[in-house]
**Q** 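A single structure is presented below for examination.
Below, each value reflects all heavy atoms present in this structure, side chains not excepted, and no hydrogens, waters or symmetry copies. Residue numbers start from 1 in every chain, and the chains themselves are labelled A, B, ... in the order their sequence lines are given, proteins ahead of strands. Note that the coordinates shown come from a computational prediction; the quantities given were computed from them, not determined experimentally.
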Amino acid sequence: MERQARVRNGARLLIPCLWVASACGGSTEATQVTFPLFADSSEIATITTDLGYEIELQEARLVVENFQFAIAGEAHDASLWRRLSRPFVGTAWAHPGHFEGGDVTGELQGHFLVEWLPEGGSTLGKAKLLTGQYKSMNFTFARASEDDDLDEKDPLLGHTARLLGIASKDSLSIEFEALIDSPEDRQLIGVPFEEDVGEDTDDRLGFQLDPVDPYEKDTLFDGLDFSALDEDGDGKIMIEEASTEEALIDAYNRLRRTFQTHDHFFVRAKTRK
Amino acid sequence: MMRSALLMAKFSAASALLLLLGGCDGSPSEGMVTITSYGEAFIEEGIPADAMDDGWEVSFDNFEVKVDNVALGGQELRNPSAVDLTKKSDGQGQELGTLLVPTGTYDSADYEITRIAIEGFAKKGSAEKTFSWVFTGTTSYRDCEVTTKVSTDKDARFEITVHADHLFMDSLASEEPQFLFGSLADADTDEDGEITPSELKQADIGAYDPGSAGGDIDNLWLWLEALSRTVGHANGEGHCHAHGD
């Protein structure tokens with residue numbers, strides 16, 4: 001019996017058309033502006049989760065591919081992805097970047113290892129954007145490989161992201177390591193990026209991880225009871241896809257799906273130094 | 001004779017021109033478009049186990065869809081009656097109504113689904129679970145990828161196709177999701193054989209991927225509600241831009 005078709009990403013790629021203006025026969029030519037994109041760790045700070053754990057991140061690294069920058073597309077009158085999401089009108093409507101793909105008129109193609117911690121600030125590449133009013137950014141989660149110039153024993157190899165930190169509550173302190181594996185070609189749509197790009201715009205673009213959603217105030221680690229996950233009481237836990245204990249499997253699923261939303265990623269323009 | 005033939009030729013040409021312009025009074029020509037809704041074999045006959053990725057087969061006793069505001073060619077069909085897509089239709093689906101539309105070719109159409117009510121059961125081996133779920137809230141399906149050619153000499157058709165298997169996807173982000181029933185079956189925690197919305201609200205979505213904006217989807221009832229907003233298509237596999245209320 002025939003398997004039916006799938007839901008598709010709504011982003012429309014305009015870049016090929018606009019780069020080759022003559023082929024498209026457009027009467028107005030868009031101007032291309034180049035911006036350095038860098039790993040901006042300025043929003044990472046000690047946070048407190050819904051269960052009262054104070055989280056101090058020590059490492060945050062992510063492997064991604066193909067940044068796309070979108071001008072205002074089909075703005076939802078409610079929330080992004082409402083075709084796929086429950087009716088949580090109020091809070092989601094307040095969250096910028098909620099556009100169904102939009103028109104992609106900027107890009108930085110390639111495979112990138114983004115390091116926010118321990119040392120952020122490195123430039124990922126030069127993004128090319130056409131002038132316009134930008135609203136969001138998309139990227140694709142990838143996996144670290146030996147091509148990323150990592151030590152052969154680097155725990156990130158084969159994974160999408162590594163988060164290392166300490167969760168503290170009362171007198172308890174638990175070291176945690178989380179290795180996140182995203183499905184192949186899993187794209188993240190609608191990272192907030194609000195910038196009016198003109199011919200003379202001269203900024204750097206900071207790709208940020210913010211453990212706290214500034215609009216809904218949820219944290220990346222909400223719902224994780226670190227103490228309960230430390231069954232052997234040694235003060236250390238590992239959260240990964242290969243976990244076999246039910247509590248750790250639940251924790252991994254919860255963390256991964258939160259990490260794979262656009263609630264904790266941002267692109268913000270910074271003045272060039 | 002020559003003069004008469006010439007006059008006849010001119011008259012014929014004028015008549016043809018008037019026909020092209022749409023009639024003697026200048027009004028455009030119109031054609032009939034029949035609007036239907038069809039659940040394909042998955043709803044009329046059920047989803048067999050080999051079409052699911054965890055071996056469950058799913059059948060529907062009732063799959064009622066309420067459609068509204070079907071827009072095509074500048075015309076609208078408003079508030080047609082709800083239809084049960086489990087009724088056998090020989091591939092024709094259930095008729096919602098007709099529209100008289102100016103002749104021409106139309107490359108998109110819009111519609112809304114305002115309510116879906118389903119009853120059915122799923123089986124795997126000796127295990128059997130029943131369900132009765134109602135999804136309210138309007139989903140607008142816009143700019144559907146269809147081409148409808150309206151002419152005066154032949155009725156056109158626009159079909160709102162409902163893909164029931166979308167209710168069993170494991171991802172709202174993947175273009176190749178798996179189709180699973182097992183997690184829904186496991187939600188029947190009182191083991192009375194019925195999977196209720198209340199039980200689904202208590203069940204975590206586990207490894208399901210709610211997508212880039214799905215951070216608040218944390219139980220299986222919210223998950224199913226989200227999936228119910230993806231079932232609408234057009235003329236088979238035509239996609240539409242879907243918006244929830």
**Q** With Lys123(B), which residues qualify under side chain to side chain contact (heavy atoms under 4.5 Å, CB included), at least two apart?
**A** Glu57(B), Phe121(B), Glu128(B)
**Q** Quick one: sort the Phe112(A) and Phe67(A) rings into parallel, tilted or perpendicular, breaks at 30° and 60°.
**A**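 The arrangement is tilted - the two ring planes meet at 30° to 60°.
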**Q** Can you tell me which portion of Leu224(B) sits under 4.5 Å from chain A's heavy atoms? Options are side chain, backbone, both or neither.
**A**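 Leu224(B) has no heavy atom closer than 4.5 Å to chain A.
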**Q** For Asp185(A), is it the side chain, the backbone, both, or neither that has a heavy atom closer than 4.5 Å to a heavy atom of chain B?
**A** neither
**Q** Just jot down the side chain to side chain contact (heavy atoms under 4.5 Å, CB included) partners of Glu241(A), sequence neighbours excluded, or say none.
**A**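 By the side chain to side chain contact (heavy atoms under 4.5 Å, CB included) rule, Glu241(A) matches Asp181(A), Tyr252(A), Arg256(A).
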**Q** Is it the case that Thr140(A) and Asn66(A) place a side-chain donor and acceptor less than 3.5 Å from each other?
**A** no
**Q** If you count heavy-atom pairs under 4.5 Å with chain B, which of Asp250(A), Thr258(A), Asp218(A), Leu188(A) comes out on top?
**A**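 Of the candidates given, the most pairs with chain B belong to Leu188(A).
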